[in-house]
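Quick notes on the structure that follows.
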Amino acid sequence: MKYKESEHGRFLIIHLEGEVDLSCSPKAREQILKGLKNKRHLLVDLSAVEYIDSSGVASLVEGYQQARSQQMDFALVGVSKAAMQVLQLARLDKIFVIYDSLDDCEA
Amino acid sequence: MLAQFLSITQSADADNSRLESLCDEYPVFFTQLLDAINQQQLLLPVKVDSIAQAISLGALDGIRHLLQLMVIYKSFSQYKIRGLDQQAFWQDSLRRAVSARMLGSYIGLDTSRCFLAGMMQDIGLFCLFLDQPAKAMLWPEFRKREPQARYSMEENVFAYNHEQAGDVFCRHWSIDEGIRLPLSHHHTSDQIELSLPDKQLADVLNCADWMAAIYTAADKSFVIDRARKMLADDFKLARFQIEEICAAIPRHVDKAAEAFHIDLQPHQAFSQILMEANYKLSVDNDNFQELTLRLEQALEERDRLAEELNRELSLAREIQKSLLPPMRDDGFPVCGVNLSARDLSGDFYDYFELDDGCIYFNLGDVSGKGANAALLMAKASSLFRCLGKRIKHPSELLAEINKELCETSINGMFITMIAGMYQPATGWVQIVNAGNPPALLFSADGIAREIEAQGPPLGIMDNAEFPATEFYLQDSSLYLFSDGVTEGLLEDGTMLELGGLYTFIATLDKNLTPAQRIQAIVSLFQSNQRALRDDVTLVLLERQD
């Protein structure tokens with residue numbers, strides 16, 4: 001998994017790339033929680049994610065729960081087909097706020 | 001006066017009458033010079049009475065070197081730089097000079113050239129301090145280090161080193177190329193092409209540096225070892241010669257200091273230094289043995305802990321297995337199988353009968369793997385069993401379990417679960433899918449239907465709803481499975497996927513028992529040599545007559 005950050009108005013964007021599995025999801029989790037700890041609204045860009053397993057999804061879920069308890073915004077953006085299949089299968093597409101692209105999300 | 005003298009000696013053949021008149025003019029200085037010539041024994045084999053006699057005996061180069069040395073010493077010793085102990089500085093220089101002279105004589109180099117070069121070896125560092133006097137406070141630190149470390153420290157402190165500074169100095173003072181080149185590359189002689197005598201002098205200077213450092217470095221045993229090795233490998237000296245040459249340094253320093261009228265501080269004898277170094281070596285050795293012992297103990301401790309951990313893991317695995325229901329061969333309609341990718345599984349399944357004859361069954365998959373997943377799995381399966389005996393509708397049951405899990409959710413972990421209730425008397429099935437892959441309902445004539453998730457996984461949203469799908473089972477078979485099945489890798493490395501699972505089930509031999517059929521599916525992943533990526537779990541519900 002590769003990882004980088006960028007800014008989009010009030011949002012911090014965390015870009016995850018490649019395979020988000022048990023070996024690297026702790027890193028994704030750490031970055032997401034760090035962003036929230038710094039009181040940032042978060043967007044997680046999943047457009048370059050080729051594979052995500054349940055531990056990766058758990059990192060997103062934790063981000064979602066944490067953001068909700070802090071009244072921060074937390075959304076996914078540009079979810080790749082592979083990642084969307086996993087989210088849909090688990091009905092998580094109904095839980096996360098998901099934007100097709102950055103243009104759809106009010107910065 | 002010195003300049004006049006230097007210019008006379010620098011011409012190819014010295015003008016003796018001019019020399020003599022200079023000598024008459026400055027009797028004190030020339031007595032000193034004569035002393036130096038005579039005391040430096042190596043310059044000439046016999047004692048001389050005058051400078052002219054020395055020159056006539058062929059010591060012109062040597063005299064010029066001596067003069068240059070006296071000029072440099074007199075010029076530099078007048079500077080007072082705070083932190084730089086001049087006396088100690090020149091004493092160190094003398095050690096290098098006499099070491100270089102001894103080494104030079106071993107390999108047949110001009111000894112006065114070696115002596116001058118050795119004396120000037122650290123003149124570059126002196127120049128660096130002159131340029132940045134505030135850093136002279138660091139001189140004692142420089143002095144304590146072995147030559148290579150000192151060189152690195154110079155680069156860190158000055159972004160420059162004494163070789164480069166020495167090179168500038170030599171050019172400025174018109175020092176012979178035969179001294180300048182070796183001097184400016186004595187630590188880096190492998191990085192430039194030097195003539196053989198220059199290369200030899202550079203090696204002599206480098207080795208002399210280490211020999212002199214024996215008397216100043218903090219880690220003496222390291223420096224002694226290194227100096228001994230250089231003397232043996234590069235100068236082919238025998239062991240007794242090495243000890244002799246190292247021990248002779250203070251004596252030669254005393255003599256040279258006398259000749260040049262340089263005051264000395266009392267210095268340690270080589271034997272004393274050796275004793276200290278040996279003592280340190282023995283302490284190091286004790287420390288090393290202590291370290292080895294501690295390492296052995298740590299390794300033993302690690303093995304013991306690993307064994308303990310393995311024992312605990314197998315105990316945990318046993319307990320976890322006991323949470324799974326036993327396979328029943330009494331015509332019970334539900335059976336299941338679980339294959340763990342690790343010692344502990346994050347998957348689980350369960351089934352049990354209620355008082356009214358209805359049967360609850362479920363299959364769950366905790367996000368992640370390992371011990372934390374296993375613990376959450378134990379919690380979820382206990383909740384299912386406990387609450388299931390009280391709550392008679394799967395939708396309500398999962399909503400209740402979900403609330404419990406949300407209250408204590410940790411690290412975003414969640415559980416996908418598919419659960420149902422079967423009424424054997426009527427064949428009525430209610431099934432709820434919370435984020436799990438779809439269940440497959442195969443009718444007797446081979447038509448399959450997917451029962452997809454209607455609700456999110458458990459443990460994420462406390463107010464989630466879990467609508468049930470209801471149907472009569474009749475002659476159909478209901479397969480529940482975790483994503484480890486559809487994402488499992490086959491022998492050729494491809495994933496089974498939902499289509500593959502569907503085809504495989506459709507073509508299974510109808511005469512196999514339910515337990516044999518789910519075992520056949522699991523075998524798909526057991527036949528290859530790959531390690532399982534994920535836990536593989538299946539449950540099958542079928543009417544038994």
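Here is the naming used below: chain letters follow the sequence lines, and residue numbers restart at 1 for every chain.
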Under 4.5 Å from a heavy atom of chain B, the part of F96(A) involved: neither
For [X], is the [atom1] atom crowded, meaning more than 12 foreign heavy atoms sit under 6.0 Å from it?
X: D104(A); atom1: CG; result: yes
X: K392(B); atom1: NZ; result: yes
X: Q70(A); atom1: CD; result: yes

N/O donor-acceptor pair under 3.5 Å between R91(A) side chain and G435(B) backbone: no
A90(A) to P457(B) - nearest heavy-atom pair and separation: O-CD, 2.9 Å
Closest approach of G412(B) to Q65(A) (non-hydrogen atoms, all atoms of both residues): CA-OE1, 3.6 Å
Spatial distance of atom [atom1] ([X]) from atom [atom2] ([Y]) [nearest 0.5 Å]:
X: E62(A); Y: I460(B); atom1: CD; atom2: CD1; answer: 11.5 Å
X: E487(B); Y: S54(A); atom1: CD; atom2: OG; answer: 8.5 Å
X: T486(B); Y: L89(A); atom1: OG1; atom2: CG; answer: 7.5 Å

Part of Q454(B) within contact of chain A (heavy atom distance under 4.5 Å): backbone
Verdict with reasoning, R68(A) to M461(B), per side chain to side chain contact (heavy atoms under 4.5 Å, CB included): CA-CA 10 Å; R68(A) 218 161 62 131; M461(B) 246 173 61; 4.1 Å; yes
